[in-house]
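Here is the structure we will look at, set down as structure tokens.
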Amino acid sequence: MKPSLPAQPNHIAILRLSALGDVCNLVPTVRALQRQWPHARITWIIGKGEHSLLAGLSGVEFVVYDKSTGLAGMRALWKELADTRFDVLLHMQQAIRASVLSLGLKANVRVGYDKARAKDKQHWFAQQQLVPHPNAHVLESFMDFARLLGVEDDHLEWNLSVPPVAYDEARVISGDAPYLVINPCSNARLRNFRNWSVEGYASVIEHAWVQHGLKSVLTGGGSPLEREVGDQVDALCQPGSVINAIGGTSLKGVLALIGNARAVIAPDTGPAHMGNAMGTPTLGLYATTNPQRAAPYCWRDFAVNAYPDAVRMYLNKSVDDVSWGQRVRHADAMDLIKADDVIAKLDALLAYTAAQPTTGPSDES
């Protein structure tokens with residue numbers, strides 16, 4: 001017999017270690033749980049880098065697991081939580097590592113994805129599964145955990161913590177002139193193929209500078225690839241039109257830069273969802289992943305969507321004939337995105353937000 005879900009949980013555990021974009025998409029679920037049960041403790045077991053992004057999130061106790069520590073780190077975490085028993089564990093990470101980690105946590109009931117959405121046999125590690133929700137956006141899949149517990153108020157709220165020092169850091173980089181944030185690279189994973197062309201970004205930067213008077217601030221990590229891309233983009237652009245901050249910011253500093261930007265442009269990577277979380281207009285670039293599943297949630301209508309073309313060209317199928325999470329793993333797929341298409345979407349996004357100003361960045365510290 002399956003254990004029942006708590007009607008009034010006193011202590012909720014969330015297990016989601018990565019990635020930056022996903023943890024941003026999960027925050028509205030946390031806020032929904034807090035509205036439903038304002039006195040419940042929420043403990044979030046999270047990755048090291050992801051914690052540096054979300055540190056200070058109000059009403060949340062973080063327990064950090066550094067994935068590089070492997071099984072030894074798991075044992076240390078289990079020891080840290082040995083005297084803690086959760087009313088419910090929301091297992092939101094579809095990876096075998098997270099499922100192994102979950103085995104050492106004490107909980108009255110464990111909730112995981114339904115079989116259709118589960119990966120790496122994650123549903124084997126849960127006693128209750130989500131109600132099936134075909135073709136759900138990633139954010140909606142997270143919110144389904146709260147809905148299963150009985151939460152009805154699922155309106156979106158983030159209120160990320162961005163301390164004043166982060167805004168100071170951002171201001172030193174951007175200056176006082178209006179700007180875009182462009183994060184040109186996604187994670188350097190094997191056969192990821194989410195990055196757009198240097199020439200494409202340069203064309204968009206030129207248009208933003210000449211037609212809208214907007215500088216472009218380049219953000220990203222300090223990997224050799226990201227630095228090389230940033231230097232190549234910079235070299236193709238007019239002097240003064242680009243500020244290359246790749247490898248030169250903290251994650252909180254990037255949040256602050258995004259919060260004060262006119263818009264964000266990025267492929268399928270964390271800063272696109274950071275823009276969404278900060279209420280900043282966000283233009284996502286999609287060909288190898290389905291934007292209906294993974295684009296910045298509040299700005300899906302402004303995503304450049306070459307995914308159907310990529311599926312047709314490289315998989316010889318239509319979107320209706322592939323699974324919801326199907327990726328197009330071809331090195332040339334992102335070349336289907338044309339600069340004119342991105343420029344048109346940027347013009348539309350800026351016109352739309354000029355007419356309907358968005359909510360400003362969070363001031364929570």
Nearest heavy-atom approach of P281 to T353 is CG-CG2, 3.2 Å
Heavy atoms of V342 and L283 approach each other most closely as O-CD1, 3.8 Å
Could you tell me whether the side chain of N195 and the main chain of S186 form a donor-acceptor pair under 3.5 Å? yes
With no hydrogens and no angle check, is any side-chain donor or acceptor of K252 less than 3.5 Å from a backbone partner on L53? yes
Pair up each side-chain donor or acceptor in residues 169-177 with any protein partner under 3.5 Å, not counting sequence neighbours, and list the distances.
residue, atom, partner, partner atom, Å
E169, OE1, S250, OG, 2.8
E169, OE2, S250, N, 2.8
E169, OE2, S250, OG, 3.4
R171, NH1, D168, OD1, 3.3
S174, OG, A170, O, 3.1

Going by distance alone, is a donor N or O of one side chain under 3.5 Å from an acceptor N or O of the other, for T43 and H11?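 Looking only at side-chain atoms, H11 and T43 do form a donor-acceptor pair, the distance falling under 3.5 Å.
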Do D347 and H207 have side-chain atoms, one donor and one acceptor, less than 3.5 Å apart? yes
Which pairs would a plain distance check flag for residues 71-82, meaning a side-chain donor or acceptor within less than 3.5 Å of a matching protein atom at least two apart in sequence or in another chain?
residue, atom, partner, partner atom, Å
W78, NE1, L101, O, 2.8

So, using salt bridge (charged side-chain N to carboxylate O under 4.0 Å, His left out) as the criterion, who are the partners of D22 when residues are at least two apart?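 For D22 the salt bridge (charged side-chain N to carboxylate O under 4.0 Å, His left out) partners, ignoring immediate neighbours, are R16.
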On the six-membered ring of F302, is R300 placed so that its NZ or CZ lies under 6.0 angstrom from the centre and within 45° of the ring axis?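 So R300 doesn't make the cation-pi contact.
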I need the single residue from D268, T288, V328 that forms a side-chain contact (heavy atoms from CB on, under 4.5 Å) with M334. Which is it? T288
Looking at D114 and R117, is there a salt bridge between them, counting it only when a charged N and a carboxylate O are closer than 4.0 Å?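 Between D114 and R117 there is a salt bridge, with a charged N closer than 4.0 Å to a carboxylate O.
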Let me check something: any side-chain donor-acceptor pairs from residues 32-40 under 3.5 Å, sequence neighbours excluded? List them with distances.
residue, atom, partner, partner atom, Å
Q34, OE1, R31, NH1, 2.9
Q34, NE2, S58, O, 2.9
R35, NE, D153, OD2, 3.1
R35, NH1, E157, OE1, 2.9
R35, NH2, D153, O, 3.0
R35, NH2, H155, O, 2.9

Cluster partners of W324, using ILVMFWY side-chain heavy atoms under 4.5 angstrom, listed by chain and number? none
Only counting residues at least two apart or in another chain, list the ones meeting ring pair (Phe, Tyr, Trp, His ring centres under 6.0 Å) with Y314. H330
